[in-house]
Amino acid sequence: PMQLFICDFQQEREGIVVLHNQPALINQLKKVLRAKLGYEFYIQKKNAERRYRVRLLDWDTENMTVEVRETLLPPSQTKKL
């Protein structure tokens, strides 16, 4: 299964998203998941209506650029009675 990261991000242009000031996320991708350019994962903003399957295009120590491969609705939250 692909990893899902809840984080803030900005859409720079159609299909391209930049995640600014994300050193913890980048560290997780590099050190724990051993991701390389081309790695695919999901991102979603907190309380967002959309989830994105993205492909890693570029990164440095704090920022990364990803390509949106697919836009999805997040799984619905089940209410407990």
Side-chain angles (χ1 to χ4, degrees):
M2 268 193 254
Q3 298 293 315
L4 168 64
F5 295 98
I6 308 298
C7 55
D8 289 323
F9 52 87
Q10 294 176 239
Q11 185 154 355
E12 291 288 309
R13 57 188 185 274
E14 187 64 33
I16 302 295
V17 171
V18 176
L19 293 85
H20 295 285
N21 197 24
Q22 297 288 333
L25 173 56
I26 292 169
N27 187 57
Q28 175 83 5
L29 285 166
K30 284 183 177 181
K31 306 273 184 187
V32 178
L33 299 173
R34 302 200 191 295
K36 304 283 186 220
L37 296 182
Y39 184 80
E40 292 193 7
F41 55 99
Y42 292 107
I43 56 173
Q44 177 181 322
K45 289 183 180 179
K46 187 175 183 180
N47 300 322
E49 297 179 2
R50 299 277 185 264
R51 178 177 290 178
Y52 302 94
R53 182 172 60 92
V54 297
R55 184 172 65 93
L56 183 59
L57 296 178
D58 191 25
W59 58 7
D60 58 29
T61 57
E62 293 193 6
N63 307 298
M64 76 172 78
T65 304
V66 296
E67 174 189 24
V68 176
R69 307 287 287 193
E70 183 178 17
T71 302
L72 307 161
L73 295 173
S76 61
Q77 302 276 333
T78 304
K79 293 184 179 180
K80 295 183 179 181
L81 300 175

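Along the sequence shown, the residues carry numbers beginning at 1. Keep in mind it's a predicted model, so treat the numbers as computed, not measured.
For the pair Leu29 and Met64, the minimum side-chain heavy-atom distance is below 4.5 Å. Looking at Tyr52 and Val66, their side chains never come closer than 4.5 Å, going by heavy atoms from C-beta outward. Counting heavy atoms from C-beta on, the side chains of Cys7 and Lys45 never come closer than 4.5 Å. Using a 4.5 Å heavy-atom threshold, the side chains of Val68 and Ile16 count as separate. Side-chain contact check for Gln44 versus Arg50: every heavy-atom pair is 4.5 Å or farther apart.
With Thr65 as the partner, the side chain to side chain contact (heavy atoms under 4.5 Å, CB included) test is satisfied by one option alone out of Leu19, Leu56, Val18: Val18.
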Determine whether Tyr39 and Gln3 satisfy the following criterion, side chain to side chain contact (heavy atoms under 4.5 Å, CB included), listing intermediate values before the conclusion. CA-CA 10 Å; Tyr39 184 80; Gln3 298 293 315; 3.9 Å; yes
Quick one: do Asp8 and Asn21 satisfy side chain to side chain contact (heavy atoms under 4.5 Å, CB included)? Show the steps, please. CA-CA 9 Å; Asp8 289 323; Asn21 197 24; over 6 Å; no
From CA spacing to verdict: side chain to side chain contact (heavy atoms under 4.5 Å, CB included), His20, Glu62: CA-CA 7 Å; His20 295 285; Glu62 293 193 6; over 6 Å; no
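Contact check on Arg55 versus Glu40 returns no salt bridge, with no Lys/Arg side-chain nitrogen under 4.0 Å from an Asp/Glu carboxylate oxygen.
There is no path of hydrophobic side-chain contacts, each under 4.5 Å, that joins Ile43 to Leu73. Under a hydrophobic clustering in which Ile, Leu, Val, Met, Phe, Trp and Tyr are joined whenever their side-chain heavy atoms come within less than 4.5 Å, directly or via other members, Leu72 and Leu4 fall into the same cluster. Cluster annotation: Leu37 is connected to Phe9 through the hydrophobic network of ILVMFWY side chains, with a link wherever side-chain heavy atoms come within less than 4.5 Å. Cluster membership for Tyr42 and Val32, using ILVMFWY side-chain heavy atoms within less than 4.5 angstrom, is not shared.
Rounding to the nearest 0.5 angstrom, the gap separating the NZ atom in Lys36 from the CH2 atom in Trp59 is 7.5 Å. Here the OG1 atom belonging to Thr61 is positioned 10.5 Å from the CG atom belonging to Asn27, to the nearest 0.5 angstrom. With values rounded to the nearest 0.5 angstrom, Asp60 atom CG is found 6.0 Å from Ile26 atom CD1.
Annotation for Glu12: atom CD counts as buried by contact number, over 12 foreign heavy atoms lying within 6.0 Å.
Annotation: Phe5 is in aromatic contact with Phe41 [ring centroid separation under 6.0 Å].
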